Protein chains: 2
Amino acid sequence: MQRMTRQRTAVADALSTVEDFRSAQQLHELLRDQGHGIGLATVYRTLQALAEAGVVDVLRTADGESVYRRCERREHHHHLVCRTCGATVEIDGPAVESWADRIAASHGFTDITHTVELFGTCAACAAASGQDDVATGG
Amino acid sequence: MQRMTRQRTAVADALSTVEDFRSAQQLHELLRDQGHGIGLATVYRTLQALAEAGVVDVLRTADGESVYRRCERREHHHHLVCRTCGATVEIDGPAVESWADRIAASHGFTDITHTVELFGTCAACAAASGQDDVATGG
DNA sequence: GCGAAGTTGACAATCATTTTCACCCCCACT
DNA sequence: AGTGGGGGTGAAAATGATTGTCAACTTCGC
């Protein structure tokens, strides 16, 4: 049975106050800062449970760290993540889904899953770095 | 300067004889079996260099291990991988590329990169597991 | 309130990958 | 073909995220 403990509540709360993908370690630190005495192992376990329950989404950063985020929509979707500030947009892509199925089927593959994640620079960050260019450029 | 050493040749050769994605450790073992005395660190370093040079593709398995494969086409492409036997098909998806760019642009994101990988069960493996069903079913 | 069973947390263990560092060997030059 | 030097190598230690261990603790039904 899943019990509702102080720690699990804290992790769930922390996830709702955060908009970006965060690593277990970041969340652990955040919780510690907020005064919650919680063990790192517990944060990992809780995040894993939440991920399995489909409550949070997981993806892996370029350096292999797992990052978690509470998503609005429970159904299958993808993410557009700013690689500078971490801002995340949930997107669905029916076109991609059908494309994936079609491609896979045409090669005789079945039981398809796919990973599709987009990374880019959001408008705010582009403006920020753009200003640098302008400043240095003239 | 990049020197051509016995070890690098061996790794490159091993990669050309293999069709699936393989981990550094698998390749190391393979090379050892073939009688090449080569260190694990060297395999890692070589694969990394090859990946940076765009000669091999890298992707990460579900459990976070990096796997490498020498690909036919040097240009950007994606993969359809059998999760049972590892058989890999290179695919390109102009539709996905433009979809990604369009989605990203509509959210004000620029400088887009994307990861798109498909996993499934190839015809051969589906037949194999299907035979089990038939056998047990009739 | 009680007690059983799920939870916790500090720490050890795991495991892929990276770094270290002293020795090695490829290659341009002679 | 010999030589020098600088990149390359490898064994082992370091790293770092994640997982396992296990005794003590908390939650929840009764």
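All of these numbers come straight from a predicted model, not from anything done at the bench. Just so you know, these numbers use all the heavy atoms, side chains as well, and skip hydrogens, waters and symmetry mates. First the proteins, then the strands, lettered A, B, ... as listed; each starts at 1.
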Main-chain N/O of A:Cys125 paired with A:Thr121 side-chain donor or acceptor, under 3.5 Å: no
Aromatic contact, B:His79 with B:Phe21 (centres under 6.0 Å):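 Here the rings of B:Phe21 and B:His79 have centres that are less than 6.0 Å from each other.
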Any N/O donor-acceptor pair, A:Arg3 side-chain to C:dG6 base, under 3.5 Å: yes
Polar side-chain contact A:Arg45-C:dG9 base: donor and acceptor under 3.5 Å: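 It does, because a donor-acceptor pair links the side chain of A:Arg45 to the base of C:dG9 below 3.5 Å.
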Identified side chain to side chain contact (heavy atoms under 4.5 Å, CB included) partner of B:Tyr68 from the options B:Val18, B:Leu47, B:Thr46: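 Single side chain to side chain contact (heavy atoms under 4.5 Å, CB included) partner of B:Tyr68 among B:Val18, B:Leu47, B:Thr46: B:Leu47.
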State which of [options] makes the closest approach to the side chain of [X].
X	options	result
B:Arg32	D:dA11, D:dG10, C:dC11	D:dA11
B:Ser66	C:dT17, D:dA12, C:dA10	C:dT17
A:Thr42	D:dT9, D:dT18, C:dT8	C:dT8
A:Gln7	C:dT17, C:dG9, D:dT9	C:dG9
B:Arg8	D:dG8, C:dT17, D:dA11	D:dG8
B:Ile38	D:dG10, D:dG8, D:dT18	D:dG10
A:Glu65	D:dG8, C:dA16, D:dT18	D:dT18
A:Arg6	D:dT26, C:dG9, D:dG8	C:dG9
A:Tyr44	C:dT8, D:dT18, C:dA10	D:dT18

Using atom [atom1] of [X] as one end and atom [atom2] of [N] as the other, report the distance to the nearest whole Å.
X	N	atom1	atom2	value
B:Leu40	D:dA12	CG	C1'	12 Å
B:His36	D:dT9	NE2	C1'	16 Å
A:Tyr68	D:dT18	OH	C1'	9 Å
A:Gln48	C:dT8	CD	P	13 Å
A:Gln26	D:dG16	CD	P	15 Å
A:Gln25	D:dG16	CD	P	10 Å
A:Leu27	D:dA17	CG	C1'	14 Å
B:Met4	C:dA28	CE	P	12 Å

Whether A:His114 and A:His78 hold their rings parallel, tilted or perpendicular, with breakpoints at 30° and 60°: tilted
Residues, nucleotides or ligands: over 12 heavy atoms within 6.0 Å of A:Glu90 CD: yes
More than 12 heavy atoms from other groups under 6.0 Å of CD on A:Gln34: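 Yes.
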Residue-phosphate contact under 4.0 Å: A:Gln2 side-chain N/O, D:dT27 OP1/OP2: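 For A:Gln2, the contact criterion (side-chain N or O under 4.0 Å from OP1 or OP2 of D:dT27) is not met.
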Toward the 5' end of DNA chain C, by each residue's nearest nucleotide, B:Thr5 or B:Ala41: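 Final value for this comparison: B:Ala41.
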Set of residues satisfying side-chain hydrogen bond (donor to acceptor under 3.5 Å, both in side chains) with respect to A:Glu29, sequence neighbours excluded: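 Applying side-chain hydrogen bond (donor to acceptor under 3.5 Å, both in side chains) to A:Glu29 gives none.
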Partners meeting salt bridge (Lys or Arg N to Asp or Glu O under 4.0 Å) with A:Asp101 (sequence neighbours left out): none
Axis-to-axis angle between the two ends of the helix from C:dG1-D:dC30 to C:dT30-D:dA1 (five base pairs per end, rounded to 10 degrees): 40°
